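All figures in this text were calculated on a predicted structure; none of them were measured in a lab. Letters A, B, ... mirror the listed sequences (proteins, then strands); counts begin at 1.
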Amino acid sequence: MTVHSAHPPGFAHQFEDMEQQREADSLGMWVFLLTEIMFFGGLFATYIIYRALYLPAFEIGSHQLEVRFGALNTAVLIGSSLTMALAIHSAQVGKRRAQVGFLITTMILGAAFLAIKFTFEWHHDYVEHLVPGLGFVIRPEWGAAGQHVPMFFCFYFFMTGLHALHMIIGIGVLTVLTIMAHRGRFTPEYYAPLEVSGLYWHFVDIVWIFLFPLLYLIGGRYMGAGH
Amino acid sequence: MSTATIDVPEVPTGSRVNYLNAQYGVKSWLFTTDHKRIALLYLVSITLMFFIGGFFAVLMRLHLIEPQGALVQPETYNKLFTMHGVIMVFFFLVPSIPATLGNFLVPLMIGARDLAFPRLNLISWYIYVVGACFTLYAVISGGVDTGWTFYTPYSSSFSHTSVIPTAVGVFITGFSSILTGLNFVVTIHKMRAPGMTWFRLPLFIWAIYATSIIFILGTPVIAITLFLLALERLLHIGIFDPAIGGDPILFQHLFWFYSHPAVYIMILPGMGVMSELVTCFSRKRIFGYSFVAFSSLSIAIISFLVWGHHMFVTGQSIYAGLIFSVLSFLVAIPSAVKVFNWTATLYKGSISYDAPMLYALGFIGLFTMGGLTGLFLASLATDVHLNGTYFIVAHFHYIMVGGAVMAYLGGIHFWWPKITGRLYPDGWARFAALVIFVGFNLTFFPQFMLGYLGMPRRYAVYPAEFQVFNVMSSAGASILGIGYLIPLIYLTWSMRYGPAAGPNPWGAKGLEWTTPSPPPTENFEEIPVVTEDAYDYAESTVNRG
Amino acid sequence: MMGAIQTGSDFLFAAAIQAPQLRPEAASSIAEGVDHLYFALTFITLFFTFIIFSTILVFMVKYRRRAENERPPDTGEHLGLELTWTIIPTLICVGLFLWASSLYFENSRPPSASTEIFVIGKQWMWHIQHPEGVREINELHVPVGVPVKLTMTSEDVIHDFYIPAFRVKKDVIPGRYSSLWFQATKIGTYHLFCAQYCGADHAEMLGWVYVMSPADYAAWLAGGVPSQTMQQSGELIFNKLGCASCHLSDGTGRGPSLLGIYSKEEELKNGDKRLVDEAFIRQAIVNPNSVVLPKYPAIMPTFQGQINEEQVLQLVAYVKSLASEERKTDGK
């Protein structure tokens, strides 16, 4: 460690130079996202298998969801991806205040997503007795398919819950980054933490881009079938 | 290659600053980010888990001496084999070589100062410990009896034991594997010393790289599977229980999608160790470097496509069976290529019989047996008879214990002087290798016979006609148990009383041998520049020292 | 190479027959074939283990280190050798795959004229019912020389029906039917095991298979004094549950006529084509909405939980019998 007596800010002793560190950080995040893809992929595959098996029940379940909120949340998240990208750009050109501003906007949008998800959607589901394990009521009008509707909601809560957990972790990371940015830790030469966190944030968005149609949209609601 | 560090004067360990004596105290260990110290943390934890798992195995073998069961109730026996499997697979075999030797050696072998993410490395160890605590809590709170495979719907709806703490423990430990794999991949890609090209890498690194790919791609799938299992158990939502509309076979697909590649997580690093040992103790360049390297990668890739061979008797379609069968035959070929190349490496060599080499030769023999008996199970017609019997038990123990554990012990013996700076008594080490080899064969060879005769596995009691082979197996197990205790004793002894080791006691090649034993915290005084291929013994003048 | 393997395995096979304690009894039409393959594999295992062991031993002695500073020559790489020991194992594997798979293909297809017996696994016993109505627990009586087809399901967890002497094994899975067939060739008594871990008394979930001469078997069946055949029990349930009020035999009811429906291929409402077999009938009873026929409304309630697996099997037997009755009328 004595070898590197005068090292630039954010430089870790195990690396030879800044370039190597930046490449390693970036590769590390890509590999991590690969793991995440397998993680969500296993879940999506299971969901699709059961959807095929119990199509009517999954369609009924999907119809209980509020598309308006899902669509609104999609817009909110895409907006947050934009502000995240702008925050990285501000770091590259060395604008500290813009960095902090965009990071805070990203966090607000992320929090807005969670607020809509929890207060409007999940609360609504709870009031409507749609939460498995918390007084789920199978409604008679669902007919014979009704017995499998709880399964749809289990997947729904598990998948959106896991996604929300990723969002919460993301907001936590952004909080740290905002403080670092405020202290001027990022320079046009060193902004790797921002960059890899941005990759993560975009990934979480992309997961939602898959979740939204899978859970809310497909199911024939707009094709006039069944109802 | 840098020669500056080879000329380190012979000084007794302790007077020179190294990673072991750079700092003292519990804190300096629990908060270390040094990959070498983290490797030792893993070494201690997995050794503990190994002996806990081994203790369960000893109880099982004692119980099976009599057809009616000599020791415990069937319920207890079921918990014993489950805990044995869970602990050995998830808490010993999967982390064994990667987390200890891999952690210690990857930066040293490629000429780096540490892994790319040292703090992440320490976090991985803590995650492992938390996962292990959950599982040990499950043991204490009454155990779990589902088998390490957690087959549904038994595990999800019928078992009354601590399934959820165990599943959570395995789930958590999975993240330790994922992060370790991630760390290795990034380190191997980005932190190689100048001149250390991909085809100059030691084959151990190739094997660790292939293993890391499986960690990264396979482990998330079992994590999600076990999460769904816990959810099903809590809420009875019918994902896996057919009584409420689920599909129990889907669990098996998801489970084996990870757990078959996991077999290669256990054996690939062992194969990597083998390439290091065979070359060093025959003083030869490895025969067919690129074939050995690429066979590791092809094993890692094909291993993701063979999971269905665990399910030939579940009633999957004949055609799916045919595809999985042919792929399972295919995955045998790269393994065979490796065995042939190791054997050919010995040709015209200068072979010495130091203890690590004896473990290596034991590995080749046992792994050959284990691999070839795998063909019986890839063959559809014979698998129908052998599936679910002791033949399976014998086969995978030949791979995982005869293969992976032998390689692990061989590797520990090989790099022990580097890790501790001390030599162990070679005579005892050779004796232990012999005892383990004999004990192992006596334990598991009779189980092939039992399986062919039709004795199903996981039986707490059994028809009397199977007793002879069971007694033989139990006798072997007691020898094997003693065999494993011997190294524990003399290796511990050597840490304090063993003679000091020089930087390169075996006269081996590789960057890790160019730095003092034990290495300094920063590994190399100056980052070496690599100018030659791996295992370049012919031109070398490096002597033992 | 294959010829040498054949000779070697034949030799081992002959030797094993001499040492009966090393080979399980072979009492079914497929056992000999499976054992031949087994011994071929054993021969290959021994052969390669011997080659590798002896090569290592020779090298170890011949090339042992004679001087501490010895530097052996570099033998380098050899593409020809690498290809040889890649291609030869590949060929052997392909040969084994073809052999094992064709054998499996043969072994897994029951002859069409098989006697059917129904098996229900539950923790921790085997419940067996013959079409004639005779029930037995943990015992299976079958005639020698007649193909027998088992239709199996489980009431709780996954079990596995394993008769080592017949070299047959199949998982018994809740919620679906699996099947297994064999033709016993030797009169005797053989082990029946559960080979899939199923809970506390898994190891006690075993029984005996009695292979009898056809005459003995007929006498045994007659001595069982069943009150009614499975088909008759099924008919009683059919009427008790009111199935007949919708499934009118002339096809004018709210549900399709079941006359002659068994073993036909039917097109479902969703366009899938399905063969009406035991599994299909079971699915129609427990999850009727998943197999609605066109022209009929999806109004049938599920009977899951209202009748047990044994009663479902009896209903299945009854519906199957409706098919044969139709064939009789066709013949007239």
Pick one of side chain, backbone, both or neither for [X], based on which atoms fall under 4.5 Å of a heavy atom in chain A.
| X | result |
| --- | --- |
| B:Asp247 | both |
| B:Phe240 | both |
| B:Phe215 | neither |
| B:Ala112 | neither |

Would you mind telling me which of [options] has the largest number of heavy-atom pairs within less than 4.5 Å of chain A?
| options | value |
| --- | --- |
| B:Ser212, B:Ala223, B:Pro118 | B:Pro118 |
| B:Ile239, B:Leu254, B:Ile222, B:Thr225 | B:Ile239 |
| B:Leu217, B:Ile178, B:Leu235, B:Thr33 | B:Leu217 |

Subject >> B:Arg113/A:Glu16 under side chain to side chain contact (heavy atoms under 4.5 Å, CB included): CA gap, chis, key distance, verdict >> reply: CA-CA 9 Å; B:Arg113 298 208 180 278; A:Glu16 282 304 291; 4.0 Å; yes
Can you check whether [X] reaches [Y] side chain to side chain, under 4.5 Å on heavy atoms?
| X | Y | result |
| --- | --- | --- |
| A:His13 | B:Glu522 | no |
| B:Phe117 | A:Asp25 | yes |
| A:Met38 | B:Tyr258 | no |
| B:Leu115 | A:Gln14 | no |
| B:Thr219 | A:Thr35 | no |
| A:Tyr50 | B:Leu250 | yes |
| B:Ile224 | A:Phe40 | no |

Is it true that, when you exclude [X] itself, more than 12 heavy atoms of the residues, nucleotides or ligands shown sit nearer than 6.0 Å to its [atom1]?
| X | atom1 | result |
| --- | --- | --- |
| A:Phe120 | CZ | no |
| B:Arg119 | CZ | no |
| A:Phe118 | CZ | yes |
| A:Phe210 | CZ | no |
| A:His202 | NE2 | yes |
| A:His182 | NE2 | no |
| A:Trp142 | CH2 | yes |

Side chain, backbone, both or neither: which part of [X] has a heavy atom under 4.5 Å from chain B?
| X | value |
| --- | --- |
| A:Phe155 | side chain |
| A:Phe153 | neither |
| A:Phe32 | both |
| A:Ile49 | side chain |

**OP:** State, to 0.1 Å, how close B:Val185 and A:Leu27 come at their nearest heavy-atom pair, and which atoms those are.
**Re:**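 The answer is O-CD2, 4.5 Å.
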Original post:
What do the steps show when you test A:Phe39 against B:Val221 for side chain to side chain contact (heavy atoms under 4.5 Å, CB included), and what is the final call?
Top reply: CA-CA 6 Å; A:Phe39 194 68; B:Val221 178; over 6 Å; no
**OP:** Enter the distance from A:Glu23:CD to B:Lys190:NZ here, rounded to the nearest 0.5 Å.
**Re:**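 Separation between the atoms: 4.0 Å.
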